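To start, the structure under review is shown below, and the notes come after it.
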Number of protein chains: 2
Amino acid sequence: MPYNVYSRNCPARLVLDRLADKWALLVIGSLREGTLRFNQLRREVDGVSQKVLSQTLKKLERDGIVARTALPTVPVTVEYALTTLGTTLAETIEHLSSWAESNMEEIQAAQARYDRRETATVAG
Amino acid sequence: MPYNVYSRNCPARLVLDRLADKWALLVIGSLREGTLRFNQLRREVDGVSQKVLSQTLKKLERDGIVARTALPTVPVTVEYALTTLGTTLAETIEHLSSWAESNMEEIQAAQARYDRRETATVAG
DNA sequence: CGGGATCCTTGGTGATACTG
DNA sequence: CAGTATCACCAAGGATCCCG
């Protein structure tokens, strides 16, 4: 193989880098249920600022993952939806999401164990 | 349902937030092939600083995804490996990774299209 | 309503030096 | 080898204001 995914200049790594974006993941997940407008998305993805949401959507649009449609209403209405490509990605992300849901208890238990060891070390 | 994954205080979202970490993803991917030592990992994950690698490993250890073993050699040898939990996560990430590989060409094409439109708009 | 421009703060990042 | 500590730096992110 010419290069592996972990190499800085591997194209797949570039894609992966972008996917490893908390907000992008959350936006894609939100759009799985259907088309949303800018402020709907903003409310759905709790904690995202307007600036970052705007940036994120622009990137995703550029990547062909999200489609942006501006309706000529007054005031303007802008709709965001997943493209076909985006839908396949959303399914993949869904796996990650459900993994997180299934294993979060185990993770929290591990964290508690780790933290107890930490303080125990300090104490004794 | 009590809350959705996109809510700031949803436990699953907390897990997801952490997973949306480029370096964590890359580290987990690297460990899929087997145990690695600190500097091996550092070489494998191209571009990671030692500070960040250290932080990342500590988080992953806390989450019970990675196991850290210090061998009493001189100088000390520290090995990192995936736990059982980590292995299941690695499989999930693999899906994401292979999605990226399969679709990166389409993404790059979309980007080129987008950029052409951009400059076209500017030009005329 | 959607989103650009601006300012300002935080924290990620790299380089360097040091310890066990 | 496997880190920790420190510093200088820059870019990402939040808050705010404003416009079409």
Side-chain angles (χ1 to χ4, degrees), chain A residues 6-9 13-14 16-27 30-31 34-63 66-81 114 117-118 121-122, chain B residues 6 8-9 13-14 16-27 30-31 34-62 66-81 114 117-118 121-122:
Chain A
Y6 309 110
S7 169
R8 203 199 302 254
N9 40 12
R13 155 99 180 243
L14 293 176
L16 217 47
D17 282 0
R18 169 141 329 160
L19 260 40
D21 176 351
K22 164 183 163 182
W23 298 125
L25 249 45
L26 259 12
V27 164
S30 294
L31 288 177
T35 298
L36 288 175
R37 285 177 299 113
F38 189 86
N39 282 326
Q40 288 181 319
L41 219 33
R42 204 178 139 157
R43 259 169 272 127
E44 184 80 6
V45 180
D46 192 20
V48 70
S49 73
Q50 158 273 336
K51 177 181 167 183
V52 172
L53 179 56
S54 167
Q55 284 173 171
T56 304
L57 285 168
K58 216 175 286 179
K59 280 189 212 167
L60 290 175
E61 191 195 354
R62 187 171 109 98
D63 289 351
V66 157
R68 191 193 113 117
T69 317
L71 283 343
T73 55
V74 175
V76 65
T77 305
V78 180
E79 290 185 343
Y80 291 94
Y114 184 95
R117 262 205 305 144
E118 284 288 270
T121 307
V122 173
Chain B
Y6 309 109
R8 204 199 302 254
N9 39 12
R13 154 98 181 243
L14 293 176
L16 216 48
D17 282 0
R18 170 140 328 160
L19 261 40
D21 176 351
K22 163 183 161 182
W23 297 124
L25 250 45
L26 260 11
V27 164
S30 294
L31 287 177
T35 299
L36 287 176
R37 284 178 298 111
F38 189 85
N39 282 326
Q40 288 181 320
L41 218 34
R42 203 178 139 159
R43 259 168 272 127
E44 185 79 5
V45 180
D46 193 20
V48 70
S49 73
Q50 135 271 49
K51 176 181 168 185
V52 172
L53 179 56
S54 169
Q55 285 173 172
T56 303
L57 285 169
K58 218 176 286 182
K59 280 190 210 165
L60 291 175
E61 189 194 356
R62 187 171 109 96
V66 158
R68 193 193 113 118
T69 318
L71 284 342
T73 55
V74 175
V76 65
T77 304
V78 180
E79 290 185 342
Y80 291 94
Y114 184 96
R117 263 203 307 144
E118 284 289 270
T121 307
V122 173

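The chains referred to below are lettered A, B, ... by the order of the sequence lines, with proteins before strands, and numbering in each begins at 1. Given the structure is predicted, the values throughout are model-derived calculations rather than measurements.
- Summarising the geometry, the separation between CG on B/Leu53 and P on D/dT4 is reported as 11 Å, rounded to the nearest angstrom.
- At a cut-off of 3.5 angstrom, the base of C/dT13 holds no donor-acceptor pair with the side chain of B/Gln50.
- Rounded to a whole Å, the CZ atom of A/Phe38 is 15 Å from the C1' atom of D/dC19.
- Atom CD of A/Glu79 is separated from atom P of C/dG2 by 10 Å (rounded to the nearest Å).
- Here B/Arg68 does not reach the OP1 or OP2 of D/dA2: none of its side-chain N or O atoms lies under 4.0 Å away.
- With D/dG14, D/dC7, C/dG2 as the candidates, the nucleotide lying closest to the side chain of A/Val76 is C/dG2.
- For B/Trp23, taking side-chain heavy atoms from C-beta onward, the closest of the listed nucleotides D/dG20, C/dT13, D/dA2 is C/dT13.
- Nucleotides of DNA chain D nearest to A/Lys59 and B/Gln40 differ in position, and the one nearer the 5' end is that of B/Gln40.
- Within the 4.0 angstrom heavy-atom criterion, no nucleotide atom of any strand lies near A/Arg42.
- Using a 4.0 Å heavy-atom distance criterion, A/Val78 is classed as a sugar-phosphate-only contact.
- Both B/Pro75 and A/Pro75 lie near DNA chain C, and the one whose nearest nucleotide falls closer to the 5' end is A/Pro75.
- Taking every side-chain heavy atom of B/Arg43 into account, D/dC1 is the closest of C/dC1, D/dG14, D/dC1.
- Residue B/Tyr80 has a polar side-chain atom (N or O) positioned under 4.0 Å from OP1 or OP2 of D/dG3.
- Side-chain atoms of B/Ser49 lie closest to C/dT13 of the nucleotides D/dC1, D/dA15, C/dT13.
- At whole-Å resolution of the value, CG in B/Leu26 and P in C/dT13 are 12 Å apart.
- For A/Lys51, taking side-chain heavy atoms from C-beta onward, the closest of the listed nucleotides D/dC1, C/dC1, D/dG13 is D/dG13.
- Here A/Arg37 does not pair with A/Glu44 in a salt bridge; the nearest charged N to carboxylate O distance is not below 4.0 Å.
- Using a 4.0 Å cut-off, some side-chain N or O of B/Arg37 falls inside it from OP1 or OP2 of D/dA2.
- In this structure, B/Gln55 places its CD atom 14 Å from C1' of D/dT6, rounding to the nearest Å.
- Taking only side-chain nitrogens and oxygens, B/Lys58 comes nearer than 4.0 Å to OP1 or OP2 of D/dT4.
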